[in-house]
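Taking it in order: structure first as structure tokens, then the write-up.
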Amino acid sequence: MEGGNFTVTPWEVTGEIDYDLLIEKFGTKRIDAELLSRLASYGPLHPMLRRGIVYSQRDMEWLLNLYDKGQQFALYTGRGPSGHTHLGHLMPWIFTKYLQDTFHAPLYFQMTDDEKFLFKDDLSQEDTLRNTYDNALDVIALGFDPKITKIIVDTKCIKTLYPLALKVAKKVTFSTTKAVFGFDNSTNIGSIFFTSIQSAPAFLPSELEKHNVPVLIPCGIDQDPHFRVTRDVAESLGYYKPALIHSKMFPGLSGSDKMSSSVPETTIFTTDSAKQLKKKIGNAFTGGAVSAEEQRKTGGKPEVCAVFKYQFYLFESDDAKVDSLAERCRKGEILCGECKKLLSDRLILFLEEHQRKREEAKSKLDDFMMKVD
Ligand code: TYM
């Protein structure tokens, strides 16, 4: 979708995103106070919900109505293994973990190694498969329950996915993919077909359980176009439409709207060392005044500051503390250097712990992988 000064598609997010306009253009629903209070009745609300970071949805009320009547839903999310995992990818996965814990829901996690081979000129099939197993360590490190979590690697599980993808593909025309994804006659034919592979896991739980299973897809709002296609064909194939819950995009350190692997200097990867991390945060955009003296007088602008946004989006779950940080910044009581140090210290601890869990995950990979006979 292109609008105002921004573009949001599953493969490109640029500019300053107007999230309200996205709701309107994509035709999703805002997560309103009523839904928030309903969600709070299942367990403590996640900070991403309280703060409007997870902000949009499709058919959540329907899904919860079925859940209340005793029908368990499955979760489905994924990753296109284009390189190392960054903090932006972790955001919807951390939220997915909260959903799994709160609703005891099984999770199907798709690794689209085929997608990244098709869409990225510089990646070989060996590269995307290597990235797949590397990224899977990050997923496992977040603590998903191995008994109810399956990672689907597209090229390894294609025998399971293909019959479902075919059903979808038969219902989707080239003209739909052009309209939804902006493809044209020069797009390779694998890319045109690909959305049917990303649809398949939405119907997989129903196939495996041999009755219709509701599915909830937590993801960044950039992935929604795929699932508009999935939802459009679902009922004609005899399945439920998947419900969705969308997050905003985690910003890059330059203050841009989306952290993205293509700009490594402003992206924090889960594999970064403490030294790399300190350097990146040291160079982060804060929007602070030219001198400390000036800033003490005029105060800072937390709403544009990448360092503040990181605390707000992911790292400070205490609302009172995050509010007080913003307040002290506005009053010029805390300066950018101190804020950067607070964030670096916190992130070094987070990454050390995450990297330790990634190491442990190496011996658990096999338990999480979906097997195909
Ligand atoms: P990918 O690898 O681009 O992204 C994986 C997940 O991370 C989200 N994401 C972000 N969220 C917040 N801030 C960011 N800066 C940021 N960058 C990425 C994405 O929205 C996504 O949820 N084709 C997909 C893989 C996939 C998938 C799925 C994703 C397959 N099936 C089902 C979600 C749901 C992809 O390339 O994602």
Side-chain angles (χ1 to χ4, degrees), residues 8-14 17 19 22 26 48 53-56 58 74-97 99 107-120 123 128 131-132 134-136 138-139 142 150-155 157 161 164-165 168 181 191 194-204 215-231 242-263 266-270 306 309-310 312-314:
V8 175
T9 77
W11 301 285
E12 191 192 1
V13 178
T14 50
I17 306 169
Y19 285 103
L22 267 189
F26 282 2
M48 289 183 208
I53 297 165
V54 172
Y55 84 114
S56 152
R58 293 181 185 271
L75 292 163
Y76 159 42
T77 195
R79 159 81 176 127
S82 54
H84 284 305
T85 301
H86 61 56
L87 296 181
H89 300 128
L90 289 191
M91 206 175 82
W93 304 347
I94 289 170
F95 187 70
T96 303
K97 165 82 167 55
L99 291 172
L107 167 65
Y108 294 86
F109 192 104
Q110 182 179 37
M111 290 288 186
T112 54
D113 56 332
D114 50 348
E115 174 192 12
K116 293 299 148 176
F117 172 66
L118 289 166
F119 283 84
K120 296 263 178 188
L123 291 180
T128 58
N131 293 340
T132 292
D134 173 83
N135 295 174
D138 291 297
V139 176
L142 293 179
K150 282 291 158 229
I151 299 179
I152 307 167
V153 180
D154 282 355
T155 58
C157 299
L161 298 176
L164 286 167
V168 175
F181 302 110
S191 300
F194 171 72
T195 194
S196 55
I197 298 273
Q198 186 152 327
S199 286
F203 306 136
L204 188 59
V215 166
L216 171 60
I217 307 177
C219 59
I221 186 90
D222 61 327
Q223 295 296 314
D224 184 72
H226 281 298
F227 302 117
R228 287 211 298 278
V229 174
T230 316
R231 285 168 53 86
L244 282 117
I245 188 154
H246 308 105
S247 57
K248 294 180 180 170
M249 309 311 291
F250 187 78
L253 282 165
S254 61
S256 75
D257 262 332
K258 182 187 179 255
M259 175 166 276
S260 164
S261 322
S262 51
V263 202
T266 59
T267 293
I268 296 173
F269 296 98
T270 60
K309 284 184 191 171
Y310 281 30
F312 181 81
Y313 273 70
L314 265 185

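We count ligands from 1, going down the list as the structure has it; atoms in each ligand are counted the same way.
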Do the non-hydrogen side-chain atoms of L161 and Q110 ever get within less than 4.5 Å of each other?
yes

I need the minimum non-hydrogen distance between Y313 and M48, along with the two atoms involved.
O-CG, 4.2 Å

Return yes if some donor-acceptor pair links the side-chain N/O of T132 with the main-chain N/O of T112 below 3.5 Å, else return no.
no

What atoms of ligand 1 come within less than 4.0 Å of a heavy atom belonging to T112?
25 (C), 30 (C)

When you measure from the side chain of Y310 to the backbone of P251, do you find a donor-acceptor pair of N or O atoms at a distance under 3.5 Å?
yes

Indicate yes or no: at least one non-hydrogen side-chain atom of T230 is less than 4.5 angstrom from one of Y76.
no

N/O of H226 under 3.5 Å from N/O of ligand 1, yes or no?
no

For ligand 1, which is the ligand I care about here, please tell me if S247 has any N or O atom under 3.5 Å from one of the ligand's N or O atoms.
no

Nearest protein heavy-atom contact for atom 13 (N) of ligand 1: which residue, which atom, what distance?
F250 N, 2.6 Å

Please examine the side chains of F203 and V215, heavy atoms only from C-beta on, and report whether any two atoms are closer than 4.5 Å.
no

Decide yes or no for M91 and M259: does some side-chain heavy atom of the first lie under 4.5 Å from some side-chain heavy atom of the second?
no

So, is W93 polar-close to ligand 1, with some N/O to N/O distance under 3.5 Å?
no

Give the residue and atom name of whichever protein heavy atom lies nearest to atom 17 (N) of ligand 1, and the separation in Å to one decimal.
K258 CE, 3.4 Å

For K116, the ligand 1 atoms whose distance to one of its heavy atoms is below 4.0 Å
36 (O)

Which residue and atom name correspond to the protein heavy atom nearest atom 30 (C) of ligand 1, and how close is it?
Q110 OE1, 3.2 Å

Just going by heavy-atom distances, which of M91, R79, Q198 is nearest to atom 28 (C) of ligand 1?
Q198

Looking only at distances, can you tell me whether any N or O atom of K248, backbone or side chain, sits closer than 3.5 Å to an N or O atom of ligand 1?
no

Which atom of L314 lies closest to which atom of I94, heavy atoms considered
CD2-CD1, 3.8 Å

To check you understand the geometry: which heavy-atom pair defines the closest contact between I152 and P201, and what is its length?
CD1-CB, 4.2 Å

Atom 4 (O) of ligand 1 - nearest protein heavy atom and its distance:
H89 CD2, 3.6 Å

Salt-bridged, D224 to R58, with N to O below 4.0 Å?
yes

Looking only at distances, please establish whether an N/O atom of ligand 1 is found under 3.5 Å from an N/O atom of C219.
no

Evaluate the side-chain proximity of D154 to F194: yes if any heavy-atom separation is below 4.5 Å, no if none is.
yes

Among side-chain atoms of T85 and N135, is any donor-acceptor pair under 3.5 angstrom?
yes

Among protein heavy atoms, which sits nearest to atom 20 (O) of ligand 1, and what does the distance come to when rounded to 0.1 Å?
D222 OD1, 2.5 Å

Just wondering, do S199 and L164 contact through their side chains at under 4.5 Å, heavy atoms?
no

Under 4.0 Å from ligand 1, counting heavy atoms only, is it the side chain of T77, its backbone, both or neither?
both

Decide whether an N or O pair under 3.5 Å exists between G78 and ligand 1.
no

So, H89 versus D138: side-chain donor-acceptor pair below 3.5 Å or not?
no

So for ligand 1, is I217 a polar contact partner (N or O within less than 3.5 Å, distance only)?
no

Could a heavy atom of F227 be found less than 4.0 Å from some atom of ligand 1?
yes

For atom 11 (N) of ligand 1, what's the nearest protein heavy atom and its distance?
G88 O, 3.1 Å

Can you list the atoms of ligand 1 that are under 4.0 Å from a heavy atom of M259?
15 (N)

By number and element, which atoms of ligand 1 are closer than 4.0 Å to a non-hydrogen atom of E115?
23 (N), 24 (C), 35 (C), 36 (O)

Evaluate H86 for polar contact with ligand 1, using N/O atom pairs at a separation under 3.5 Å.
no

How close does the nearest protein non-hydrogen atom get to atom 35 (C) of ligand 1, and which residue and atom is it?
G80 N, 3.4 Å

Mind listing the closest non-hydrogen atom pair of T128 and D113 along with its distance?
OG1-O, 3.2 Å

Quick look: M249 vs ligand 1, heavy-atom contacts under 4.0 Å, and the answer is both

Quick check: Q223 and ligand 1, any N/O pair under 3.5 Å apart?
yes

Quick check: P218 and ligand 1, any N/O pair under 3.5 Å apart?
no

For atom 22 (O) of ligand 1, what is the closest protein heavy atom, and at what distance to 0.1 Å?
G220 N, 3.2 Å

